Number of protein chains: 2
Amino acid sequence: MTLSTTLNALADPTRRKIIQLLKKKDLPAGEIAKNFTMTLPSLSHHLNILKMANLVSSRRAGQNIIYSLNLSVVDEIIGELYGIIGKGVKKNK
Amino acid sequence: MTLSTTLNALADPTRRKIIQLLKKKDLPAGEIAKNFTMTLPSLSHHLNILKMANLVSSRRAGQNIIYSLNLSVVDEIIGELYGIIGKGVKKNK
DNA sequence: TAGATATTTAGGTAACTATCTAAATATTAA
DNA sequence: TTAATATTTAGATAGTTACCTAAATATCTA
């Protein structure tokens, strides 16, 4: 999981909306899909990208696959991002 | 400048490296290019993406075009990001 | 085990992105 | 005003991504 992978995962509004939904509670793929107009396979693609970035996890529960947000990873990323783009100290004006 | 635009700009290692360089001091395009193996036009493309995202600014100084980091915008983004992916409060385990 | 339900995987396509070379533009110096 | 320098813009191409439909897989229920 490189930072590029993570930021790329976050650089899409659909995927950020999925994160918002999962912030409230864990949800099965089908429930997530109800919040979007795209097809379930398309959504599955986005969920997979979030999973590759380690931003979400999934577990099977009967016929459902439940997605949940990886909160600790989310915090880690903010820290990394801050290290990279924040705290700039310029030597010229 | 949407958040998607900004995150997309940051989701590329070349562009993050440019930001690192500009954190130390403002630099003309040619100086930035010396840190990479790609051609100047390719670099110019990346600089333009950073500019579109409002992460950097440019000004002309004679024959040079000097790039500089927009520090305040950088801080703003971290805040936005934190609002979006941070502070998760889940209702189920 | 057969059928229904939930989700993913496969395969195709259109749109987007990164890169290159060549040409254009802006500025400075002779 | 011509030549040199710095950088961008234009145009082409290869690779990637997002979306769709159809098919495959896994689980549950009758």
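In the text below, chain A, chain B and the rest are named by the order of the sequence lines, each starting its count at 1. Because only heavy atoms are used, hydrogens play no part in the values below, and waters and symmetry mates are left out as well, while side chains stay in. Being a predicted model, the structure only gives us computed values, none of them experimental.
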query: So, do B:Arg15 and B:Leu10 sit near enough that their side-chain heavy atoms are less than 4.5 Å apart?
result: no
- request: Taking heavy atoms of chain B and a 4.0 Å limit, find me the 5'-most and 3'-most nucleotide of DNA chain D within that range.
  value: D:dT5 to D:dT9
- request: Evaluate the side-chain proximity of A:Glu31 to A:Asn64: yes if any heavy-atom separation is below 4.5 Å, no if none is.
  value: no
Distance-only donor-acceptor pairs under 3.5 Å for side chains of residues 36-45 of chain B, two or more places apart:
unit_1	atom_1	unit_2	atom_2	d
B:Thr39	OG1	B:Ser42	N	3.4
B:Thr39	OG1	B:Ser42	OG	3.1

task: Give a yes or no on whether a donor-acceptor pair under 3.5 Å exists between the nucleobase atoms of C:dT28, that is its base, and the side chain of B:Gln63.
output: no
message: Need one value for A:Ile65: base, sugar-phosphate or nothing, where a base atom within 4.0 Å counts as base even if backbone is also close, heavy atoms only.
response: sugar-phosphate
- request: Under 4.0 Å between any heavy atoms, over every strand shown, what does A:Asn48 touch: base, sugar-phosphate, or nothing? Just pick one.
  value: nothing
query: Rounded to the nearest Å, what distance is computed from the CG atom of residue A:Asn64 to the C1' atom of nucleotide C:dT5?
result: 9 Å
- prompt: Base, sugar-phosphate, or nothing: which does A:Pro41 touch, judged by heavy atoms less than 4.0 Å apart?
  reply: base
task: In whole angstrom, give the distance that lies between atom NE2 of B:His45 and atom P of C:dT21.
output: 16 Å
Separation of atom CG in A:Leu40 from atom C1' in C:dT9, rounded to whole Å: 12 Å
message: With heavy-atom distances below 4.5 Å as the criterion, would you say the side chains of B:Arg16 and B:Asp12 are in contact?
response: no
- request: Report yes if at least one side-chain N or O of B:Ser42 is closer than 4.0 Å to OP1 or OP2 of C:dC20; otherwise report no.
  value: yes
task: Hey, which sits more toward the 5' end of DNA chain D by its nearest nucleotide, B:Leu47 or A:Met38?
output: B:Leu47
- prompt: Can you name the closest pair of heavy atoms from A:Pro13 and B:Ser4 and give their distance?
  reply: CD-OG, 3.4 Å
task: Would you mind reporting whether A:Leu21 and A:Asn35 have side-chain heavy atoms less than 4.5 Å apart?
output: yes
- line: Ranking A:Asn8 and B:Ser44 by the position along DNA chain D of their nearest nucleotide, the one closer to 5' is B:Ser44
query: In whole angstroms, how far is the P atom of C:dT25 from the CZ atom of B:Arg60?
result: 13 Å
task: Classify the side-chain pair B:Ser57/B:Lys51 by whether it contains a donor and acceptor separated by less than 3.5 Å.
output: no
- request: Please tell me which of the listed nucleotides, C:dT28, C:dT19, C:dA18, lies nearest to the side chain of B:Ile49?
  value: C:dA18
